[in-house]
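Take a look at the structure below.
Predicted, not measured: the structure shown is a model, and the values here were computed from it.
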Amino acid sequence: MSDIKPQSDSILKKRLRKFKSMKRGYYSFILICTLYVLSFLNPILVNNQALIVSYEGNTFFPAVSSLFKPIFDTPNYEGKQFGQTEVFGKTLFGEPNYRELQKQFEKEGKGNWVLMPIYPYSPVENLLSEISSEPPTAPDSKHIFGTDNRGRDVFARLAYGFQISISFAILVTIFAYSIGISIGATLGYFGGKVDIFGQRIIEVFSGIPFLFMMMILVSFVKPSFLLLGAMLVFIGGWIGMTYFVRGEFYREKAKDYVSAAISIGTTDLNVMFKHILPNALTPVITFAPFAIVGYISSLVALDFLGFGLAPPTPSWGELISQGTQDIRYWWLIVSPLIAMFFTLITIIFIGEGIREAFDPKVYSRLR
Amino acid sequence: MSDNNILLKVRDLKVKFPIMGGIFQKKVAEVRAVDGVSFDVMKAETLGIVGESGCGKSTLGKALINVLRLTAPGVEISGEVLLEKDGSYIDLLKLNKKEMSIYRPDIQMIFQDPFSSLNPRMLVGEIIQEPLDINTKLSKAEKRDKVAWLLEKVGLSAEQSSRYPHEFSGGQRQRIGIARALATNPRLIIADEPVSALDVSIQAQVINLMMDLQEEFNLSFMFIAHDLSVVEHISSRIGVMYLGNLVEIGSSDNVNDSPKHPYTQSLLSAVPIPDPKSKENRKRIVLQGDVPSPLAKPSGCGFRTRCFIVKPECANGVPPLDEKAKNHFAACPYTE
Ligand SMILES: Nc1ncnc2c1ncn2[C@@H]1O[C@H](COP(=O)(O)OP(=O)(O)O)[C@@H](O)[C@H]1O
Ligand SMILES: [Mg+2]
């Protein structure tokens with residue numbers, strides 16, 4: 001027989017293949033994923049702690065050790081452990097300054113050495129005693145994007161801010177989607193009184209002025225990463241997906257495969273999530289990259305206004321707001337804007353690719 | 001026709017779909033898709049149900065498998081659907097979800113549209129296995145064997161269970177639907193125009209398959225069609241629907257040879273007759289006008305706007321089914 005195919009392709013597999021064939025979106029996807037994965041290595045790529053210290057025949061791993069601090073009880077290192085008692089003419093207490101330690105070891109020439117990360121500055125480290133003039137300082141060979149008004153390295157803050165922005169947006173999207181899908185599926189599937197009641201609640205929440213509500217909430221608690229995400233979802237992030245999914249469920253449940261599933265005795269939960277949901281996912285998946293873009297922008301905006309993450313969290317919005325205070329410090333505006341523009345445009349390329357792969361009809365109509 | 005031969009008794013079944021409108025999304029009108037239908041389905045018989053498209057046949061079928069409450073928002077269903085179980089009759093419409101799940105395997109449906117009736121995201125094997133997962137305690141291997149056996153019963157091969165529905169033709173999809181229906185060991189299968197979406201060349205194959213299965217498994221069949229010619233050869237009895245009402249029901253021969261209701265008479269006069277002897281008895285009756293919208297059903301007899309023997313009294317009330325001959329009922333007081 002001629003139709004011996006080794007494996008049948010599900011609709012999802014086909015669409016993923018289609019997505020791969022869309023070069024711009026696919027490469028953007030690979031790029032963002034690589035950068036995002038790399039950003040988890042920030043502590044050993046962009047950090048003021050040494051990767052390796054070799055001192056009097058012993059080897060220490062300060063960066064790795066503080067990376068695992070939250071999980072294991074790893075040791076703290078102090079300057080005097082490595083014979084560093086003084087930096088910039090001041091007595092040193094506590095943590096060593098590894099960059100200076102490196103110079104010190106070289107000068108001493110006793111065979112001790114320090115290996116620093118590629119970019120040896122941390123996003124929260126105050127560099128006041130190292131920089132040439134009053135902060136903020138303009139980009140130079142050491143600080144490629146300059147320093148901010150507290151003397152912190154801008155590039156390091158951007159790099160850590162990238163990870164925080166994307167993680168935040170993904171987390172909020174997952175939050176909003178889980179709530180939106182559960183509520184939307186329930187309203188759309190059961191209909192009737194449940195639906196009417198649910199819609200009234202949605203209307204109430206749509207009426208909440210987002211920014212004012214955010215201001216009020218933030219005045220009570222300076223939110224952590226998770227709390228800020230939960231607030232964004234609660235105040236209104238869940239509504240869009242709820243409407244989407246409700247509509248899809250409404251449409252899908254009239255189709256005969258749903259009648260068939262009910263008639264063989266499938267439980268409501270299985271009809272909803274095993275039968276209907278996979279068929280209602282197209283708008284959900286298609287919309288996700290744009291939701292992520294939206295939440296990255298929201299975080300930048302909230303940080304800019306001062307209603308975002310608590311300082312000293314590295315944040316793009318906070319840098320921009322510093323820059324707007326004095327236009328001479330152009331690098332404080334330009335560098336976060338470039339980072340943001342690059343990130344958002346890349347994710348939008350991904351979104352376009354996904355949309356064309358999942359919803360070709362709509363896409364060709366738009367063209 | 002002794003009483004315990006009856007598998008399903010349908011009594012005064014009504015299904016109304018609300019039409020929502022206006023700013024407040026209030027009910028502004030209703031579609032009386034099924035408007036007081038009563039009939040019986042005997043054990044191991046094939047009952048043909050015929051009627052023009054839009055007369056409520058699919059709605060009747062879906063009301064019998066009791067899915068409308070979930071799939072059609074706001075639907076109003078009344079009447080009785082009595083299923084025989086161990087000698088007594090249970091009204092399916094009065095059961096809650098959990099109680100209903102006990103009786104679901106007994107009545108299965110094959111749907112009109114072979115494209116929307118199979119979940120496009122599931123493998124054929126998963127589709128056919130799901131009823132087994134829910135209603136049996138078979139082991140994994142036993143289920144796999146049963147799926148293969150079912151696929152072979154409907155003329156497909158076991159290897160095809162790892163394919164997706166979109167890889168099949170309409171006729172094959174309908175076979176998959178038949179296998180899914182068989183998987184629950186049903187006692188009644190409602191086949192809703194199962195071949196109307198298929199090429200003429202494969203219609204006969206699918207119909208023959210169903211008739212073979214009926215014989216093998218001793219099933220009752222309710223075979224819905226919009227055209228008498230499809231059902232007259234395979235049905236022992238035929239019911240004729242018009243605008244949500246059953247206007248005539250009787251044995252296949254009686255309905256074909258001596259139709260009592262004017263609507264059935266007009267339907268049959270449109271059918272080309274191969275037998276020249278009976279031709280003389282049949283005048284060609286051409287109905288005037290179109291089927292009225294179910295939103296604006298005429299009062300009294302639904303057929304009176306197009307009837308050729310209409311009387312002023314026809315507007316007064318819906319005529320009940322009268323026994324015109326033995327076991328041959330028609331809902332018109334003005335015919336013999
Ligand atoms: N879910 C629904 N909501 C509203 N109206 C419906 C629904 N299903 C069917 N109808 C209406 O009920 C009538 C009968 O439809 P149907 O049972 O599909 O007819 P048939 O199968 O005989 O062609 C039609 O007028 C149709 O528009
Ligand atoms: Mg129909």
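Only the side chain of Gln108(B) comes within less than 4.5 Å of a heavy atom in chain A; its backbone stays farther off. Looking at Asn119(B), both its backbone and its side chain come within 4.5 Å of chain A, counting heavy atoms on both sides. With a 4.5 angstrom heavy-atom cutoff, Lys193(A) does not touch chain B via any of its atoms. With a 4.5 angstrom heavy-atom cutoff, Thr266(A) touches chain B via backbone and side-chain atoms both. Of the two parts of Ser116(B), the backbone and the side chain both hold a non-hydrogen atom closer than 4.5 Å to a non-hydrogen atom of chain A. Contact annotation for Ile134(B): only side-chain heavy atoms (C-beta onward) come within less than 4.5 Å of a heavy atom of chain A.
Judged purely by distance below 3.5 Å, without hydrogens or angles, the side chains of Thr282(A) and Arg15(A) pair a donor atom with an acceptor atom. Glu252(A) and Tyr257(A) share a donor-acceptor pair across their side chains, judged by distance under 3.5 Å alone.
Of all the listed residues (Asp195(A), Ile276(A), Asp268(A)), the one sharing the greatest number of non-hydrogen pairs under 4.5 Å with chain B is Asp268(A). Among Gly265(A), Gly191(A), Ala254(A), Ser259(A), the residue making the largest number of heavy-atom pairs under 4.5 Å with chain B is Ser259(A).
With Thr242(A) contributing its side chain and Trp238(A) its backbone, the two residues share a donor-acceptor pair below 3.5 Å. Remark: the backbone N or O of Tyr189(A) is paired with a side-chain donor or acceptor of Lys253(A) at under 3.5 angstrom.
Taking the six-membered ring for Trp and thresholds of 30 and 60 degrees, Tyr36(A) and Phe40(A) have ring planes more than 60 degrees apart, a perpendicular arrangement.
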